[in-house]
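Only one structure is covered here, and it is reproduced in the block below.
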Amino acid sequence: MWVFEETLPDGRLLSKVINDDRENVKYLPGHRIPENICAVTDLIEAVDGASILVFVLPHQFMHKTCATIKGYLSDSCRAISLIKGVDADCRGGLKRVSEIVMEQLGLREEQVAVLMGANIADEVARGEFCEATIGCKSESFGNRLKLLFELPHFRIQTSPDIVGVELCGALKNV
């Protein structure tokens, strides 16, 4: 898991706290991170060998993030965005995050998906009942993602309408 390195108020590095204490004390305090997750601060190292990229960061950092990893991904790599929002360029145009991923990383539409729902990370982490929708043109990739993300308390539906799912996720926050 790539972590943008930050120094916490007590002087410790966020990545070290995540790896040593198994908790993201800044962004998801009070919830244990599984042992199989390792926080790394080098973005290239984080994507090395990845078959699926899961994007969960503020949308304004997507261009730089994608530019950094472009050329380091395998040909079979796919991506899913959990980012709610749209990107506005200086000419007044709007782009969905999935469009940025496709354009910047050279992925085809069937290699990209989105996961959207009216959920808060803390509620999902506490095991409260939540629902979400995966928008994905590829039925097989969408079903694979459903298997990866769905939990007894986190129910997921799939839809081939990636545009509708992503826009509803963005508009939910307005």
Side-chain angles (χ1 to χ4, degrees), residues 1-8 14-15 18 24-29 31 33 37 39-48 50-73 77-125 130-138 141-142 144-146 148-150 154 156-174:
M1 172 177 76
W2 175 61
V3 173
F4 182 79
E5 190 65 274
E6 298 179 57
T7 302
L8 298 171
L14 180 59
S15 63
I18 290 171
N24 186 334
V25 295
K26 182 166 184 183
Y27 296 105
L28 198 58
H31 300 288
I33 294 174
I37 303 293
V40 295
T41 58
D42 183 313
L43 186 51
I44 303 303
E45 179 185 347
V47 302
D48 184 43
S51 58
I52 299 175
L53 302 176
V54 181
F55 288 102
V56 187
L57 66 153
H59 74 276
Q60 60 266 34
F61 300 114
M62 281 302 296
H63 289 284
K64 183 177 181 184
T65 300
C66 288
T68 301
I69 62 176
K70 184 177 180 146
Y72 290 95
L73 306 177
C77 191
R78 295 170 180 237
I80 183 167
S81 168
L82 282 64
I83 302 167
K84 294 175 184 153
V86 293
D87 186 64
D89 66 26
C90 60
R91 294 177 302 282
L94 297 176
K95 285 201 177 175
R96 294 175 290 110
V97 174
S98 64
E99 290 178 302
I100 295 169
V101 171
M102 286 184 277
E103 290 172 9
Q104 296 263 323
L105 299 180
L107 298 178
R108 295 181 318 278
E109 195 172 32
E110 356 10 279
Q111 293 176 287
V112 177
V114 298
L115 185 146
M116 301 287 149
N119 306 304
I120 299 170
D122 185 60
E123 293 172 349
V124 178
C130 299
E131 292 184 289
T133 302
I134 290 175
C136 186
K137 291 283 184 195
S138 165
F141 183 40
R144 183 175 168 201
L145 291 167
K146 180 177 177 171
L148 287 172
F149 285 97
E150 191 168 59
F154 188 54
I156 295 181
Q157 303 298 314
T158 60
S159 170
D161 183 8
I162 188 171
V163 175
V165 171
E166 192 167 18
L167 289 177
C168 284
L171 291 171
K172 174 216 100 44
N173 285 346
V174 173

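Just the heavy atoms: all of them, side chains too, but no hydrogens, waters or symmetry mates, feed the values below.
- In this structure, CZ in F154 is found 5.0 Å from CG in N119, a value given to the nearest 0.5 Å.
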*Where do V54 and L82 land on the side chain to side chain contact (heavy atoms under 4.5 Å, CB included) test, with the steps shown first?*
CA-CA 7 Å; V54 181; L82 282 64; 3.7 Å; yes
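- A side-chain donor-acceptor contact under 3.5 Å links E166 to the backbone of V97.
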*Take V114 and R96, measure what side chain to side chain contact (heavy atoms under 4.5 Å, CB included) needs, and give me the verdict at the end.*
CA-CA 10 Å; V114 298; R96 294 175 290 110; over 6 Å; no
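- Heavy atoms only, all atoms of each residue included: F55 and T65 are closest at CE2-CG2, 4.2 Å.
- Shown here is Q60, whose CD atom has more than 12 heavy atoms of other residues, nucleotides or ligands within 6.0 Å.
- Heavy atoms only, all atoms of each residue included: C77 and L107 are closest at O-CD2, 3.6 Å.
- In this structure, CZ on R144 lies 10.5 Å from SG on C136, to the nearest 0.5 angstrom.
- Remark: the backbone N or O of K137 is not paired with any side-chain donor or acceptor of E109 at under 3.5 angstrom.
- When every heavy atom of G169 is checked against every heavy atom of M116, the shortest pair comes out as CA-SD, 3.8 Å.
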*Test N24 against I33 for side chain to side chain contact (heavy atoms under 4.5 Å, CB included), laying out the working first.*
CA-CA 8 Å; N24 186 334; I33 294 174; 4.1 Å; yes
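- A donor-acceptor contact shorter than 3.5 Å is absent between the side chain of D161 and the backbone of G135.
- Checked by atom type and distance alone, the side chain of E6 never pairs as donor or acceptor with a backbone atom of L14 at under 3.5 Å.
- Here the straight-line distance linking atom CD of E99 with atom CE of M62 works out to 12.0 Å at 0.5 Å rounding.
- The side-chain heavy atoms of L148 and I52, taken from C-beta on, include a pair separated by under 4.5 Å.
- Using modelled atom types, one side-chain atom of E5 and one backbone atom of S15 make a donor-acceptor pair closer than 3.5 Å.
- Residue Y72 qualifies as open at atom OH: its count of foreign heavy atoms under 6.0 Å is 12 or below.
- Although no hydrogens or angles enter the test, the distance criterion places no donor-acceptor pair under 3.5 Å between the side chain of H59 and the main chain of D87.
- Side-chain atoms of L57 and F4, non-hydrogen and from C-beta on, never get closer than 4.5 Å to each other.
- Q111 approaches F141 most closely through the heavy-atom pair O-CE2, 3.6 Å.
- The closest side-chain heavy-atom distance from L53 to V101 is not below 4.5 Å.
- A heavy-atom distance below 4.5 Å is found between the side chains of L105 and L73.
- The minimum heavy-atom distance linking Q104 with A67 is given by the pair OE1-N, 3.8 Å.
- In terms of heavy atoms, S138 sits closest to R78 at OG-NH1, 4.2 Å.
- At a threshold of 4.5 Å between non-hydrogen side-chain atoms, the residues M1 and I18 count as touching.
- Under the 3.5 Å distance criterion, the side-chain polar atoms of K95 are left unmatched by any main-chain donor or acceptor of I100.
- Between atom CD1 of residue I156 and atom CG of residue L115 there is a gap of 5.0 Å, rounded to the nearest 0.5 Å.
- At a threshold of 4.5 Å between non-hydrogen side-chain atoms, the residues T68 and I44 count as touching.
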